[in-house]
Each structure stands twice: as C-alpha cells, then as structure tokens.
There are 2 protein chains.
Amino acid sequence: MVMRQPLHNRIRSDFEAWILSGRMKPGDRLPIEQDLMLEYRCSRMTVNKALSALATAGLIERRKRAGTFVARPRTHSMVLDVPDLAAEIRARNQTYAYKTLARSVRVPHRDNEEERLLAGGRLLVQLDGLHLADGQPLAVEYRLVSVRAVPEIVDVTFGDNPPGTWLLQHIPWTEAETRISAVSATATIARLLTQPVGTPCLKIERRTWRRTERITQVQQIFHGAAYDLVARFGHGTTAITGTSVNP
Amino acid sequence: MVMRQPLHNRIRSDFEAWILSGRMKPGDRLPIEQDLMLEYRCSRMTVNKALSALATAGLIERRKRAGTFVARPRTHSMVLDVPDLAAEIRARNQTYAYKTLARSVRVPHRDNEEERLLAGGRLLVQLDGLHLADGQPLAVEYRLVSVRAVPEIVDVTFGDNPPGTWLLQHIPWTEAETRISAVSATATIARLLTQPVGTPCLKIERRTWRRTERITQVQQIFHGAAYDLVARFGHGTTAITGTSVNP
DNA sequence: CAGTGGTCTAGACCACTGA
DNA sequence: CAGTGGTCTAGACCACTGA
C-alpha cells in the first residue's frame, strides 16, 4: 500500500474540515476512539495521534469519561512573526541597510530599574542605529544587550547587519515580550526619519529572556505611514505570517 | 509506579532544558531514537512522541538517515493574543462598556473592492461603536460583517456586548489577517476619544475568513497613550499571551 | 463504577537520503 | 545500501470523572 498521506493526517484533516466548515459545531461530540478505529480500520494509537494533534491545535477538547468535543472558537490566539527587518525588506526586493549611530559599553543608569535588571550587576552594550529601506530611513533602533548573558557581544563585528539579526541567529531565547504602541515623532526621531515633528510613529519595544536571565531589550520607532505590522493567522500549524513595508 | 509526569514529557523537557540553557547548541546532534530507548528504558514510540513534539515546537530538526539536530534559533515566530477587548478590560478590574454608534444593513460601496469581496454579492451589516474602560473612551470600532457568511447577524441582539465578542464565540474562522499601524486622530476620531486632533493612535485592522469565504473586517482605533498591544512569547506550547491597557 | 482518553510496549515495515 | 526517522499495529494498564 502506498502511503500517499499518513492515515493520522487524513483523520485529522477530515475533522478539521468538518469543524471549520461548520458541519460540526462547537459542543458537538466526536465519536469515541474505539468507533474511529473501526471506521478508519486502524489502531487506536493512530486515532489518538490525530485527535491529540487537533486538541493541541485547539480545535477540539478532550475530557476523560466524557468524550471529545468540538471546542468553542478560541480567543484569537495567533502566530505573529516579529520581523527580522533585514530579511523582511530584502524579501520585498528593496535594498536594506543598517547604519550604526552609537555603540558603547557602559554601566546601567542608576535610576533605571529596567537597565539594572538587564545588566544583572555587570555591564551593558548600547547599540543605536537606523534601518533603511532603499536608502530611506524606516526605523530608529535603541538597543541594550546584557554582557552577562552575551559576553561575545563586546567583540562582535556586525558589519552592515543589524545587531538584532546577529542575536536572533546566535542566542537562544525562551521568552520575549513585545509591546506595540503609537507615539508622536520627537525632534530627534523626526530628524533621523526625515519626517515632520509630530508624525505618528509605531513604537515596538521588546525584551527577551533565556529562562530568567535577561538578554536584550530594544526600542524601534517606525515612521507610521511607511510601516505596518502585518500578521496572518491560521489555526495551529497552518499559520502563515509576515510583515509589510508600505510603498 | 506512580505516573507523576508522563515519560514522554520528561524526555521532552530534558532536551528543552539542554537546548535553551545553551548546553546543547544549534547544529548539535541528538542521540538516535534507539539510544534514547536504552537511556530512558522505554519503547521507541515514547521517544518518538517526545522528539516529534520538540520538532513541532521548532526546537529541533529531524532528517531521515542524517539524524536529529538542535535547530537554529528561529525567526521570532510567536503567539499573539489578539484581544477580546471586553475580556481584557474586565481582567484588569476595570468596568467595560460598549456603546453602539451605528448599525445598518447596506450594500457594499461600488468603488470599494474590499467591501464587495466581503459581501460576496449580498449585503453587509455595518456595526460602529465605542469601547469604554471605566467610562473613558478607549477605542473607536468600525466593523462590517458579511450577511452571506453570517446570516444570523441581521437579527442578533448584542446588548452591551461588542459584536466582536459575539462573533468570536459563535463563528468559527480559519484565517485572519491583522494589520497594525500608527495614525493621527482625525477630527471625528478625536471627538469620539475626547482627545486633541492629531493625537497618535494605534490602528488595528483585521480581516477574517472561513476557508476562502470572508466573514468580517474591522478597524479599531485606540487612543495611543492609553493602550498598548502587549504580547508575551515562548517556544511552542509554552506561550503566554496578553494585552495591557495603560493606567 | 464503568466509559473514556492518556500512556506505554515490543514489535514491524517502509521511505528517505547521506555516507 | 545501510542508518535513521515516520508510521502503524494489537495489545495493555491506568487515571479520571460523569452517569
């Protein structure tokens, strides 16, 4: 028998289709594993693998003794691709460039709790720069990296690559927090982005951890009219994501 | 033997810890399943379940004949909880209210391609409203719902609930696209949010599909200083998400 | 207390692909 | 062509919990 598609995938996509098409509605009960074994002429492990995957994806809920049910449409839990700006811009056939504005090794500011937590009693590397697409300023970046968490950072030469790309490729992380807000361009930001003061800008702040240890924190300020954050979402593993830079 | 924790979970978290702690680095090879069977004194299915989960989470890569390897830290693929505003605000112990500004059934605008695609040759329901936290305007919402995809929408009474909450709970979706940008408050927006004209605002646009059929599209404009979109991220299933309304 | 899912075993055959 | 993972079987015991 040719295994064009694994049987557990067929079972999975059958129910996926029935649920998403509305033929099976939230609260509806699925057959028990024993019945599905007979229907698909397979072992229980195969049925279980298919239904476990659907449960992980949040499409169904499984309760012992009670059975398996179509889940309520969940709160929109979605996959967002937080951009590696360089890759995003190049994917749009624009030239990408990163210009370093400042690079220094320093102690955390005494009155800045966030910086002190990031430093963890040691030093910080400050890396400020400008992201450009097709030569036009797109975003200002202010980044701090913990020397304690990333000792190599002191000596790394990034060349034309932004430090974010290097970090993404070399430093494993376990947790991150991203905060997105809208701000007005200050005088400094406006000058760097070559926009009028007061231009609405998208501010993205991100902090990254490995376990409990802080790795880096970054503030990126995008020219609002030139940049949108776009995320495309699907259930579970079907998610497709992306970002977009406006023309 | 008491099954405090399933064995496949122990195997999984062992490698998770070694990878995330940096003890195992990207490109490092994991033992083959046969060896792990011996090490953990279990069957191959148990080992396979653990490693398959890690592969799904993106922490490892599996290649036939070649073996299993620690994956390069991935582009930041993350889970974002797009807020059910009502729930978010109540979770912060603020009172939530939704005020309907307009509700009508209408044809799509002839020159608006998006509206025509959403309507699919039939009618649209327009639902405009204002989200309030502790009585203060937080966001203006402009929503369109396809009558073709959601016939019930014509007769539903939402009461004090926003239509988004009702849709989330009743209509299964398969895909969504969210676009986040920064804009200046127009005169109308400024009046509704009781802010000065030109205040930076966060604009969230979302379109939702079931398979290829469009369900709804919505534009939410948040008072920038009062609202941040926050997302907390972890690898795979460990993701914790949330949003925050500034005090 | 009995039905249901969670986990596990000890095999098996096979597809894929790199040495 | 041989090593590795992908899939599957036909059982088994058990934890949980709702009828």
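It should be emphasised that the depicted structure is a prediction, and the values quoted were computed from it without experimental measurement. In what follows, every heavy atom counts, from backbone to side chain, and hydrogens, waters and symmetry copies are set aside. So you know, we letter chains A, B, ... as the sequences are listed, proteins then strands, and number each from 1.
As a whole-Å value, the separation of Glu33(A) CD from dA15(D) P is 18 Å. Between the C1' atom of dC14(C) and the CG atom of Leu7(A) lies a distance of 15 Å, rounded to the nearest Å. Across the protein-nucleic acid pair, Lys49(A) atom NZ and dC8(C) atom P stand 15 Å apart, rounded to whole Å. The distance between atom CD of Gln5(A) and atom P of dA15(C), rounded to the nearest whole Å, is 16 Å. Rounded to a whole Å, the OH atom of Tyr40(B) is 16 Å from the C1' atom of dC8(C). Leu54(A) has its CG atom 13 Å from the P atom of dG5(C), to the nearest Å. In this structure, CE of Met37(B) is placed 14 Å from P of dC8(C), rounded to the nearest angstrom. What separates CD1 of Ile32(B) from C1' of dG6(D) is a distance of 15 Å, to the nearest Å.
Distance check, rounded to the nearest 0.5 Å: CG of Leu127(A) to CD1 of Ile153(A) gives 5.5 Å. Here the CD1-CZ distance, from Ile60(B) to Phe69(B), works out to 11.0 Å after rounding to the nearest 0.5 Å. The distance from atom CD1 of Ile11(A) to atom CG of Leu36(A), rounded to the nearest 0.5 Å, is 7.0 Å.
Taking side-chain N and O atoms only, Thr46(B) has a distance below 4.0 Å to OP1 or OP2 of dT9(C). A sub-4.0 Å separation between OP1 or OP2 of dT4(D) and a side-chain N or O of Arg62(B) is absent. Using a 4.0 Å cut-off, some side-chain N or O of Asn48(B) falls inside it from OP1 or OP2 of dG6(D).
Legend: residues meeting side chain to side chain donor-acceptor pair (under 3.5 Å) with Tyr98(B), ordered by chain and number and at least two apart, are absent.
When every heavy atom of Ala71(B) is checked against every heavy atom of Gly58(B), the shortest pair comes out as CB-O, 3.4 Å. Taking each heavy atom of Thr95(B) and Gly135(B) in turn, the nearest pair found is OG1-N, 4.2 Å. Listed here is the closest heavy atom pair of Leu202(B) and Ser181(A): CD1-C, 3.6 Å. Counting all heavy atoms, side chain and backbone alike, Ala119(A) lies closest to Ser146(A) at O-OG, 4.3 Å.
Contact annotation for Ser52(A): no contact, since no heavy-atom pair falls under 4.0 Å across all strands.
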Produce the list of close N/O pairs, under 3.5 Å, pairing protein atoms with atoms of nucleotides 17-19 of chain D; give distances to one decimal.
from, atom 1, to, atom 2, distance (Å)
dG18(D), N2, Arg65(A), NH1, 2.3
dG18(D), N3, Arg65(A), NH1, 3.4

Expected rows: protein N/O vs nucleotides 10-12 of chain C N/O, under 3.5 Å:
from, atom 1, to, atom 2, distance (Å)
dA12(C), N6, Arg44(B), NH1, 3.2

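Screening residues 18-40 of chain B for ring-ring contact (aromatic ring centres under 6.0 Å, His included) gives Phe15(B)-Trp18(B) as the qualifying pairs, with residues at least two apart or on separate chains. Applying the side chain to side chain donor-acceptor pair (under 3.5 Å) test to every pair with at least one member in residues 22-31 of chain B, sequence neighbours left out, gives no pairs at all.
Heavy-atom neighbours of Arg148(A) CZ from other residues, nucleotides or ligands within 6.0 Å: at or below the threshold of 12.
End-to-end axis angle of the helix from dC1(C)-dG18(D) to dG18(C)-dC1(D), using five pairs per end and rounding to 10°, comes to 10°.
Among dT7(C), dG5(D), dC8(D), the nucleotide with an atom closest to any side-chain atom of Pro6(B) is dT7(C).
Using the six-membered ring where Trp is involved, Tyr96(B) and His131(B) have ring planes that are tilted, between 30° and 60° apart.
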